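For this chain, numbers begin at 1 and follow the sequence in order. Not measured: the values here are computed from a predicted model.
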Amino acid sequence: MRINADFTKRAAVHFEDTPWVPSPAPGVERKMLDRIGEEVARATTIVRFAPGSAFDAHVHDGGEEFLVLDGVFQDEHGDFPAGSYVRNPPTTSHTPAAAEGAVILVKLHQFDPADRTEVKTRADGGAAQQQLFQDAVETVTLQTWGPHHAVSLQAPGGLEVFVVDGSYSENGEDFTRWDWLRLPPGSRFDATAGTDGAKVWMKTGHLSQMTAQ
């Protein structure tokens, strides 16, 4: 399966226009943003857990990072309410579940095989920009933009922007809650927040290796 698999091109997915796809686990559905592979895949996905649903225990050979968008995501390591950001590096394992339901943004099989850095943090709703993670390759932030705030930045290593709340416009296209945009390396990101501002999850610098392959 290949979805938005050309990393040299701009890709955009709008939440309301994208269907939920059942997963192998009962009660767990997905909206696929990008994907290379079948059930084990390099993937960026919105995952919805119905109350009481769960996945079987599994190991993340390629690592996993996720942002909890709604509800409370759970595993044997704890409860992660909305706003939680977690990185589970390669070789880690867990048993995902959501007793009362949850929605998460998750990225799979995108870590350096040698990465062993674990992150478990909560978003600070009052910060204009909160750094969630940074290494020599990538930077992950949560940013809050005021109404009509203009944002302009270069993306030499590519960029992904996911709208947690609010809205913005870019290249004549409007992005609202839970919409996703990916720009290839060498792009410029020029955006303007909507009338209510925007809260976005942003990852930069991580796509150069994909376009070089």
Rounding to 0.5 Å, atoms CD (Glu16) and CZ (Arg177) come to a distance of 9.0 Å

Note to self: With a 4.5 Å cut-off on side-chain heavy-atom distances among I, L, V, M, F, W and Y, is there a chain of contacts connecting Val47 to Phe73?
What the structure shows: yes

_Taking the side chain as everything from C-beta on, heavy atoms only, tell me whether Val161 gets closer than 4.5 Å to Glu170._
no

_Are Asp115 and Arg87 packed together at the side-chain level, in the sense that at least one heavy-atom pair is separated by less than 4.5 angstrom?_
yes

Exactly one candidate in Glu64, Glu160, Glu65 meets salt bridge (Lys or Arg N to Asp or Glu O under 4.0 Å) with Lys107; the answer is Glu160

dist Phe111:CZ -> His206:NE2 (nearest 0.5 Å) comes out at 11.5 Å

Could you verify whether a donor N or O on one side chain and an acceptor N or O on the other, from Lys199 and Thr144, lie under 3.5 Å apart?
no

Distance col, row Phe7:CZ vs Ser208:OG, nearest 0.5 angstrom, shows 12.5 Å

Across all chains, not counting sequence neighbours, the side-chain contact (heavy atoms from CB on, under 4.5 Å) partners of Pro19 are none

| said: Could you check whether any side-chain N or O of Glu118 sits under 3.5 Å from a backbone N or O of Pro89, counting only pairs where one atom can act as donor and the other as acceptor? | reply: no

Item to check | Residue pair Arg182, Asn4: steps toward the side chain to side chain contact (heavy atoms under 4.5 Å, CB included) verdict | outcome: CA-CA 9 Å; Arg182 189 188 71 211; Asn4 290 323; 4.1 Å; yes

### Query
So Tyr168 and Leu181, side chain to side chain contact (heavy atoms under 4.5 Å, CB included) or not? Walk me through it.
CA-CA 11 Å; Tyr168 74 89; Leu181 171 68; 3.5 Å; yes

Review point. Are Val200 and Val151 close enough that some pair of their side-chain heavy atoms sits under 4.5 Å apart?
Key: no

Practice prompt. Any chance you could lay out the side chain to side chain contact (heavy atoms under 4.5 Å, CB included) test for Arg35 and Arg30, step after step, and finish with the verdict?
Written response: CA-CA 12 Å; Arg35 193 173 191 91; Arg30 302 174 289 194; 3.9 Å; yes

Any heavy-atom pair between the side chains of Trp178 and Asp70 that's under 4.5 Å? yes

With a 4.5 Å heavy-atom cut-off, do Val164 and Leu142 have their side chains touching?
-> yes

Rounded to the nearest 0.5 angstrom, the OG1-CE distance for Thr139 and Met202 is 11.0 Å

(request) Please confirm whether the backbone N or O of Ala43 pairs with a side-chain atom of Gln110, one donor and one acceptor, at under 3.5 Å? (result) yes

Query - Linked, directly or transitively: Ile36 and Leu207 (ILVMFWY side chains, under 4.5 Å) - result: yes

Mutual orientation of the aromatic rings belonging to Phe175 and His14 [parallel < 30°, tilted 30-60°, perpendicular > 60°]
parallel

Discussion item. Once you measure the plane-to-plane angle for Phe189 and Trp145, does it fall in the parallel (<30°), tilted (30-60°) or perpendicular (>60°) bin?
Written reply: tilted

Parallel, tilted or perpendicular: rings of Tyr85 and Trp201 (30°, 60°):
tilted

Passes side chain to side chain contact (heavy atoms under 4.5 Å, CB included), Thr121 versus Phe133? Steps please.
CA-CA 10 Å; Thr121 189; Phe133 175 78; over 6 Å; no

Below 4.5 Å, heavy atoms only, C-beta onward: do Phe15 and Thr176 meet side chain to side chain?
no

Query raised in the report: Val13 and Val103: same hydrophobic cluster, using ILVMFWY side-chain contacts below 4.5 Å?
Result: yes

Please check if the side chain of Ser23 supplies one atom and the backbone of Val28 the other of a donor-acceptor pair under 3.5 Å.
-> yes

Rounding to 0.5 Å, atoms CD1 (Ile46) and CD1 (Ile104) come to a distance of 10.5 Å

Original post:
Is a donor on one side and an acceptor on the other found under 3.5 Å between the side chain of Asp34 and the backbone of Thr44?
Top reply: yes

Check your understanding: Is Thr117 close to Val119 at the side-chain level, that is, under 4.5 Å between some pair of heavy atoms?
Key -> yes

CH2 of Trp180 to CG of Leu105, rounded to nearest 0.5 Å, is 10.0 Å

Practice item. Kindly indicate whether the side chain of Arg188, heavy atoms from C-beta on, has any atom under 4.5 Å from the side chain of Ser152. Key: yes

Within the side chain of Glu29, is there an N or O that forms a donor-acceptor pair under 3.5 Å with the backbone of Ala50? no

Applying side-chain contact (heavy atoms from CB on, under 4.5 Å) to Asn171 and not counting sequence neighbours gives Arg10

Look at the aromatic rings of Phe66 and His94 and report parallel, tilted or perpendicular, splitting at 30° and 60°.
parallel

